[in-house]
Each structure stands twice: as C-alpha cells, then as structure tokens.
Amino acid sequence: MKVVALVSGGKDSCYVMMKCIQYGHEIVALANLLPVDDSVDELDSYMYQTVGHQIIVSYAECMNVPLFRRRIRGSSRHQKLSYQMTPDDEVEDLFVLLSEVKRQIPSITAVSSGAIASDYQRLRVESICSRLGLVSLAFLWKQDQTLLLQEMIANGIKAILVKVAAIGLDPSKHLGKDLAFMEPYLLKLKELYGSNVCGEGGEYETLTLDCPLFTNARIVLDEFQVVLHSPDSIAPVGVLHPTTFHLEKKDSNSLEEKEPGLVFEVQGDGPNTPESTHQRDNRAVDVVEHTRNGVHLSKTGKENTFSICCWLEGSSESSTGLKEDLESVLKETESQLLKQGFNWQNVLYIHLYISDMSEFAAANETYVKFITHEKCPFGVPSRSTIELPLVEAGLGKAYVEVLVANDQSKRILHVQSISSWAPSCIGPYSQATLHKGVLHMAGQLGLDPPTMNLRNEGAVAELNQALTNSEAIAEAFRCSISSSALLFVVFCSARTEESERSQLHEKFLSFLDLAKSSRRVLDPIFLYILVPDLPKRALVEVKPVLYVEEDSETEDETRQEQLCEGDYGCWGYKPEEWHQDCVQKRVVDGKICVTVLSISTEVMKKLHEPKEEQQLERVTRFCVHLLNKTLYEYSFSWNDTTSLRIHFSTSLGVSVKRLFNVFETAFKELNEMSPEGIVGDSKEPTFNLVPVLGAGNSSASLDNIITCELFSLRS
C-alpha cells in the first residue's frame, strides 16, 4: 500500500515507517501537526507530540518525500476514550490534514502511526482513517517495550531526548542525550520505578536526527536551550528547544536543490457539523414491506442475555441471491430487536452463516449497511463468519444468530489498525466482547498480523497462528486461553486433508500445555465442526469462549452427581453409565454452565429404537433429556439459557422442517411433564438448528449426527 506517515519527530513514528517498508509498503508522504506559534515547543495536547517541531521541516529533504503540515487550531474537547466527530477538537485538525494529503495524492490508501500502548491515540487515528476510507498501520502496537527499544537502536534509529518528565530523569543532565547512550539507564529506571522504557507513560519524548530512511542527509543539532517547565524535586519536567541545526549530506548526490513545493502548509477549517454517514434509519423497519415468506425466528427465553436466530426456509428456488437473503434476515433480526426495545448496540456477538464463501465480499457489503459504528456507540459486536451447507439443508443462503444483552456493561476490544499484535478488524466487527465475566472472541484465522496473510504451511500452522492470535487478544483482558477457556469451537474446512486434520487436536493440546501458567486452569470443552469453507479459504478457524470474571476465585466445579429418579423419569429414561460419555460439561462458580452433547451413529444404535421411522424422535427426546438432566444437576434452569445450537450433519438425510418439528415436540413434551413449565412460556423455539458436514470432540473423529451446544448463564 502507498502510505502517508504521521511524523512527530519521535523515534516511534520513524521506526514504524521502517516497519512499513519491511512489510512491503511504500512511504509516499509525511504528515505533521505543529503549534500555531513557532516559538511554542509544547501544547497541552492529549494527542500530539510537538517538542522539536522546528526541525521536522527538514524530514522532507532528508527523505526526499513530500511533507504536509498543519497548525493545530483545536483542543482536546472530546476526551472520552472512543472518539466521535467533535467540532474544534484537535483530532479534526488531523482530519483536515489527511483529507488534503488524500486529495493531492489519491493513490494513498494507508496511514502509519507510532502508537505502542495508547488506546486514546490509536482510536482517534482509526476514527479518522475510517472517515477517510484509509487503513491504519500501527506495527508497534502492543509490542514489548524493552525489546522494541533495543530493536530501534539496533536498526539505526539515532534519536535524542527532547522532553523528560519522570522520576530519575533530570532536564539538565538528560536532555539532548542520545537514545542509545540512555538505554541502560532507562532499563534501570524500569527496574527501580516501573517506568516505561519507550516513554509510553509520558516519561520522555525523543527527536530522530537520523535513521536508514534519511537517505539524503542527517540532521545535526548545533545548539539548543533547556526550558524548565516544572522544577519538581522528584520528577522535574523540561524540554529541549532547538535554536540552530543543519543538514549533513550522506553522499555527493545528496542535498540537491529542493524541489518546489516539497513542503506543503495545509490551511482550511475543520468540519463544524458531523459528516453525513448515510446510515440507515434506526427506526423500526417496515416488516410487511421487507419480510419475505419463509423467514423463521428462534429466541431463547432468558430475559437479560439471550439469542435471536433468523433463517430462511425452503427459499432456494425463490431466492435471488445471497445478498438478498442476508438482507431479509438482517431486516427481520433488526425488527425483532426493535420490537423488544433493543437495537444493534445491545448485540454482543453475531454468527454469520452463508452458503458460499466466494460471496463473502457481497455478504460483508450487506452486513455493514446494518451494523455500523454509529449504531453501536459502545462498540461493535464480535463476529464469526462460516460457510455452511444451508441450501443442501433446505434453507436460504444466509442465516444469522445474534447474542443480545439488555445492558451496556459490555467491554469491547476493537483494533482496526494493522499491527504485529493480532489480526486487525477493519470494519464494524471487533476482536472480542466481554460481558458478565464471559469473553466472546471473534473467530480467529491463522493470519499473520502484520501482513494479514494466511500461514501457507497447512492446517497445523494455521491452527498454531490462530491460537497465538487468540492468546494476544486474551492478554488484553489479562487472561490466557490456556487457563481461562471454557469452550473452544474449531471449524475445520472440508478442504483439509484428513491426515492433517487428525493431528489438529494433539497440536492444540500441545499449544495449551506450553502456554499454561501457574494460575488455576479450567479444563475446556473442545468441539470440532466440519464445514465446506472458511473466510480467505482458511483451513481452520478457532472460536474461544473464556471466563475472565475479575476479583473472583475461579473454580471448575466437579460436584458429585446426586441423581433423583423422579426428576429423570421423562420418557422412561434411566441413568446408564454410557450416557455420561455423550456429555461434556463445565460449570464455573455456579454462574456458568457449558454443555456439549454428542450423538453419534453408535449412540443411536444404543437407544434401541426398533422402528426406523421413530428413531429420530427417540434421539431428540434423548438429547433434551440429557440437557435437562445436566441443568438440573447444577441447579440451572432452561430460563438461564443464553444459546442452544443444535448442529446436525447433512448426512442424517432429514429435512430441516422435520428436525425442527421433532425437537419442538420434544421440548413441548418436557414442558408438559414439568409442573413448573421449565422450558418457559416463550412462543418461539428455544433452539437454533445449524446444518454442518460433521462434528466431534476431536479433530480425528467428526462423525456426530447431532451435537448440542448449550450455554447457560445465571444472573
């Protein structure tokens, strides 16, 4: 990509340019913001470093790249973490600056910034990039600061300290000192006081005088003044004010006469009103006009956290395409949310199932018309996108399941910048959503974060990278997939060779063993699902669900079962030892119950149903019985259910309509047999049918006919 680099003069903004080039991008312009008054060194800004701005004008000549500069007219008006367009805010100066760069150089598609740890700065750069249709590149994001500092110095960043504001740093001693000279002392301050060695806590700022990108010349600082801002005896604050400097050529061809217009001063006012986003109206949609025949809904009965599922049945002939089917189910989902007093900002997670992954771009184009940043001011939902055999199962070409909460206590991690940390989410879907102690992570592919390319060494390599990415996201919530995972759902593409697929589970366990810490470790459930295809033609996608409740002792409960014959007398089932072989369950702190129930052809035979036409009814009753039994044992009820997915193999050879009817009948019978009506009084079914090619507890055996995935959360 062609990149405009945001440069403050600091080591970070220069080093990220070097990383851009390392990953195959091209720096075609520089952009810098500076004070209105040249004599002012530093502004009271939450966003920009301006110390040493008098020297930045030389960067254009040193790199032979055009420099666009704008004087900062705004101030920090919008100080909340997530930025929204605010007139006269200093962020709008960046918008005006980059708008002009894009106007003059239309080929620019990306913006680089030196963000390492500041969400405040990263989110504002991402906001501007989103408004301008540019990609944010932040290759230093979340990198280990000690290693990063060593890398910068080793790779030729020649920088000096131009501001100090921390214990152990003295303006009279340390301003103007070379970064390489200061490195041992900065590491010592980290050990003594916990300082950030890269200055991310405001401990110090730097000015780069030379680096490998300065091909024409280096900057030589001849004279400077030390300006003391605060004479505090513990942590005095001072800045370096450059008075004279010159350029020193690097070879005989350098320092040719500067091209006219190499430095551009960007004028103009920022927007005074929010730009039109052309977003759809948040009001209720016209259901009569938009809803097609064959739209079906499913909703779990829990009041404060529940799932809504919408699909099209029997529409393969009437369907005009995936985009139209997806628009229908999204409109109906939106309508149902509005009818119940909710909207898209209440959605925690979205499962997007489509019939053909080659139409992913078209599906995404439709998706972003409904789920937008404007509609989700508290953060956009996390998402998993999977190709399923929808048409073969007699469904439409799109199928959507949303997890909804009736509060705004969720915490969302959404990093749109491309970095070396974890894959970016450019668009209205986030890496992870934390709600009531449950971390719902977006489906993770084996993408190399800085290049956003799939690992090309096969399924095992993709799995390892996907788990590495998952661990990076988990660390942002101060947890680990090796110790906090409740459930791993692993989608395997049918294109994966069976011999390689069989190795996945063993490799998965090896990764978790290596990553284990001294913390209490939950014993996660594994569910492998065979599907036709995945985004980017990936072979593996991992969807972790973690428990990260703060200030609570995590305890994986393994209470002794206390069977009560009267409670399990439904349909005449009596406890048998092999029944428990069908069930994986994890209960944590009496608040969360995760259950995966597996029915293979072998289990079907054990049920001893002599009449083949009644075998399906017996299997579904058995599933409902075991799920009900598990909930009862741990004092949960069906009203605690947030989601129940019933994955069924298309090899079962049963229509969706028939399977839907027999499960619905089984739940009705259970409800009638309970004096309390344990399934609740919801008119909608409490389950979602999900067609798959196969499923199992191990990647080596995906022969389940029916797999039930039940998640319950006690308020």
- Go through S420 and Q143 one step at a time and tell me if the side chain to side chain donor-acceptor pair (under 3.5 Å) criterion holds. CA-CA 8 Å; S420 298; Q143 298 301 291; 4.7 Å; no
Would you compute the distance between atom [atom1] of [X] and atom [atom2] of [Y] and round it to the nearest 0.5 angstrom?
| X | Y | atom1 | atom2 | value |
| --- | --- | --- | --- | --- |
| L161 | K163 | CG | NZ | 12.0 Å |
| F508 | L463 | CZ | CG | 6.0 Å |
| Q49 | S13 | CD | OG | 7.0 Å |
| I55 | L207 | CD1 | CG | 5.0 Å |
| S195 | Q145 | OG | CD | 10.5 Å |
| N32 | L6 | CG | CG | 9.0 Å |

- Task: Please lay out, stage by stage, how V135 and T109 fare under the test side chain to side chain contact (heavy atoms under 4.5 Å, CB included).
- Result: CA-CA 6 Å; V135 176; T109 56; 5.7 Å; no
For [X], I'd like to know if atom [atom1] has over 12 heavy atoms of other residues, nucleotides or ligands within 6.0 Å.
| X | atom1 | answer |
| --- | --- | --- |
| K19 | NZ | yes |
| E497 | CD | no |
| L147 | CG | yes |
| Q104 | CD | yes |
| K507 | NZ | no |
| D44 | CG | no |

I'd like to know if the side chain of [X] and the backbone of [Y] have a donor-acceptor N/O pair within less than 3.5 Å.
| X | Y | answer |
| --- | --- | --- |
| S430 | S382 | yes |
| H241 | Q225 | no |
| T86 | Q84 | yes |
| K11 | C198 | yes |
| H414 | Y429 | yes |
| H53 | V40 | yes |
| S699 | H505 | yes |
| Q416 | E126 | no |
| N469 | Q465 | yes |

- Let me see the working for E500 and V460 under side chain to side chain contact (heavy atoms under 4.5 Å, CB included), right down to the final yes or no. CA-CA 7 Å; E500 188 175 22; V460 171; 4.0 Å; yes
Does the pair [X]/[Y] count as a salt bridge with the N-to-O cut at 4.0 Å?
| X | Y | answer |
| --- | --- | --- |
| R218 | D210 | yes |
| E100 | R103 | yes |
| R455 | E462 | no |
| E92 | R131 | yes |

- Message: When you measure from the centre of the six-membered ring of F68, is the NZ or CZ of R70 closer than 6.0 Å and no more than 45° off the axis?
- Response: no
- Message: Taking the ring of Y185 and the ring of H174, is the distance between their centroids below 6.0 Å?
- Response: yes
- Assess the pair F214 and Y59: is the distance between their ring centroids shorter than 6.0 Å? yes
If you look at every heavy atom in [X] and [Y], which pair is closest and at what distance?
| X | Y | result |
| --- | --- | --- |
| P171 | P236 | CD-CG, 3.6 Å |
| F477 | A432 | CE1-CB, 3.8 Å |
| G168 | L189 | CA-CD2, 3.9 Å |
| V4 | A31 | CG2-CB, 3.9 Å |
| I219 | L247 | CG1-CD2, 3.6 Å |
| L67 | V57 | CD2-CA, 3.8 Å |

- Query: Between L97, D38, D93, L33, which is the residue that forms a side chain to side chain contact (heavy atoms under 4.5 Å, CB included) with R71?
  - Reply: D38
- Item | L98: which of V266, I108, L132 passes side chain to side chain contact (heavy atoms under 4.5 Å, CB included) | L132
- So Y83 and H78, would you call those rings parallel, tilted or perpendicular, with 30° and 60° as cut-offs? perpendicular
- Item | Aromatic ring pairing Y120/Y46, orientation class (parallel under 30°, perpendicular over 60°, tilted between) | perpendicular
Do [X] and [Y] make a side-chain contact, defined as non-hydrogen atoms from C-beta onward lying under 4.5 Å apart?
| X | Y | result |
| --- | --- | --- |
| I418 | W141 | no |
| F139 | C20 | yes |
| P212 | N155 | no |
| M17 | V3 | no |
| V548 | R478 | no |
| F95 | D89 | no |
| M452 | P423 | yes |
| L209 | I160 | yes |

- Taking it one step at a time, do S419 and S417 satisfy side chain to side chain donor-acceptor pair (under 3.5 Å)? CA-CA 6 Å; S419 69; S417 300; over 6 Å; no
- Message: Any donor-acceptor pair under 3.5 Å linking the side-chain atoms of S39 with those of D37?
- Response: yes
- Item | Polar contact flag, side-chain donor to acceptor under 3.5 angstrom, E471-S480 | yes
- Query: Run the side chain to side chain donor-acceptor pair (under 3.5 Å) check on E90 and S45 step by step: do they pass?
  - Reply: CA-CA 8 Å; E90 62 183 353; S45 171; 2.7 Å; yes
- Give the C-alpha distance, both sets of side-chain angles, the deciding distance and a yes or no for salt bridge (Lys or Arg N to Asp or Glu O under 4.0 Å) between K2 and E26. CA-CA 5 Å; K2 294 186 183 299; E26 180 185 1; 3.0 Å; yes
- Task: Begin with the C-alpha distance, continue with both residues' side-chain angles, and end with the deciding distance and a verdict on side chain to side chain donor-acceptor pair (under 3.5 Å) for T50 and E42.
- Result: CA-CA 5 Å; T50 58; E42 185 177 36; over 6 Å; no
- Item | V162 and F224: CA distance, side-chain angles, deciding distance, side chain to side chain contact (heavy atoms under 4.5 Å, CB included) verdict | CA-CA 10 Å; V162 292; F224 64 85; over 6 Å; no
